[in-house]
Amino acid sequence: MKYYIKTFGCQMNERDSEKVEGILLDNNYEKVEEAEQADLIIINSCAVREKAENKLYSEIGRLRFKNKKATIVAMGCVAQINYEKLKNLADVVVGTNTIDEFYNIVKKQGISGVFIKPSMDKPDYIFPHLNRITSYIDIMYGCDNFCSYCVVPYTRGREVSRKREAIIEEIKELVDKGTKEVMLLGQNVNSYGKNFNYGFVDLLYEVNKVEGLERIRFTTSHPKDFSKDLIYAIRDLKKVCEHIHLPIQSGSNKILNLMRRKYTKEEYLEKVHIYKEIVKNGSITTDIIVGFPQETEEDFQETLNVLEEVKYDTSFSFKYSKRAFTKAKDMDGQVPEEDKMKRLNLLQDLQAKITQEKLKTYENRIVEVLIEGVSKKGNQFFGRNRQNMVVNLDFMDNIKAGDIVKVKITKAFKHSLLGKVI
Ligand code: SF4
């Protein structure tokens, strides 16, 4: 049996797709790169924005047209919240919390059905991994924050932390199989373990002790819970990389309040300044929403001011879009589409300029790169420095994927760096 998989959305979805692939490969399925060749087509969906959700519907239609015989599985966040619509389009619908039952569900091929369980009842189940140099590790599932624009608490449920023993065991097994770097995943990693009396920083100290592991990354940090202890851990723990992803979403306190983000711009900026002070050469990235209801030109200008002040290495910016279940969808003062677009373009132009300036500062510097593989063109290695920037390198006989090498940066491009191993 052959499967084809397409993933939309965030790293949690990428990890969920990997779990599904692991289950299928363990059960003698073979992966194909063309949907036409597959017996099973899986689409892992994202519900964070309307555009991403619509992609799932059009993709099902497109793939059904290409391959009429295959069983089509819709999974992920849209599957969790919109199964009524999806059961008329896909053959099988798998919710975000039913991946452990995926194989059994899929075995019922050809039977249309809805298989959704709203709760996360097996957080310690260890799902398969594909052999990767960087492995994604779920440390918690769900979110309790209910930001007013966000559908995630409805698609992924309430916060549940996995037990640290299960996490450490999983990481040790992966390191034995060749993993060099782990990315610890959660919607808000800073609130990890709040029911255990054991926090995220404790977990970082524990993971840092795993022998053979070279690097630790994590995402996402909610600014309200981003603590000084975590900043010191980034500085003090050798394996923890000097990069934080700290979504600000807006630079206006009025909008942050409407978003229910539970921090002010000033509190956010103070944390950033402390981070920059304590973690030398630390990089910082963020998420921004433009055109949230009631956002005026002045509010938007405040967001641009934050960009200028923080100088993010990069940012992921989006136009606000109404999401089911959320408070913001019914708010007064929805911003016209053309204003959202104009603001998004302005913000992305400014960020591109800042990113370019930041990348330029790496020219002639020596950085540590973990080689992850061969570039898409097939003529170079690519990897990342500790600050999470992509670095390309010419092939050399004595290096291979998984090696950590010292590299002199020779040129900065728009989104990446070029260097030579020294
Ligand atoms: S913290 Fe807010 S934006 Fe992030 S997943 Fe939770 S509700 Fe969504």
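This is a predicted model, so every value here is computed, not measured.
A donor-acceptor contact under 3.5 angstrom links the side chains of Tyr57 and Asn82, judged on distance only. Judged purely by distance below 3.5 Å, without hydrogens or angles, the side chains of Lys224 and Asn145 pair a donor atom with an acceptor atom. Between the side chains of Gln334 and Tyr320, no donor N or O sits under 3.5 Å from an acceptor N or O. Checking His245 against Asp287 by side-chain atom types alone, a donor-acceptor pair falls below 3.5 Å. If you check the side chains of Asn388 and Glu242, you find no donor sitting under 3.5 Å from an acceptor. In summary, the side chains of Thr219 and Gln11 do not present any donor paired with an acceptor at a separation below 3.5 Å, with no hydrogens or angles considered. Side-chain contact, Asn44 with Ser17: a donor N or O sits under 3.5 Å from an acceptor N or O. Gln351 and Ser315 share a donor-acceptor pair across their side chains, judged by distance under 3.5 Å alone.
Evaluated for a salt bridge (Lys or Arg N to Asp or Glu O under 4.0 Å) with Arg132, the options Glu372, Glu14, Glu21, Glu18 yield exactly one hit, Glu18. Of the residues Ile72, Leu24, Val94, Thr71, the one that meets the side-chain contact (heavy atoms from CB on, under 4.5 Å) test with Ile42 is Leu24.
With sequence neighbours excluded, the residues forming a salt bridge (Lys or Arg N to Asp or Glu O under 4.0 Å) with Glu368 are Arg215, Arg386, listed by chain and number. Residues meeting the side chain to side chain donor-acceptor pair (under 3.5 Å) test with Lys329, sequence neighbours left out: none.
Proximity of Ser416 to Phe382: side-chain heavy atoms (C-beta onward) are nowhere separated by under 4.5 Å.
The side-chain tip of Arg156 does not point at the ring of Tyr141 from less than 6.0 angstrom away and within 45° of straight on. Both cation-pi conditions hold for Arg365 and Tyr362: the charged atom is under 6.0 angstrom from the six-membered ring centre and inside a 45 degree cone around its axis.
The ring-ring contact (aromatic ring centres under 6.0 Å, His included) analysis of residues 151-203, with sequence neighbours excluded, yields the pairs Phe146-Tyr154, Tyr154-Phe325, Phe200-Phe218.
No salt bridge links Lys239 with Glu181; every basic N to acidic carboxylate O contact stays at or beyond 4.0 Å.
Contact record, Asp299 with Lys254: OD2-NZ, 2.7 Å, taken as the closest heavy-atom pair.
Heavy atoms of other residues, nucleotides or ligands lying less than 6.0 angstrom from CG of Asn197 number 12 at most. More than 12 heavy atoms of other shown residues, nucleotides or ligands fall within 6.0 angstrom of atom CD in Glu266.
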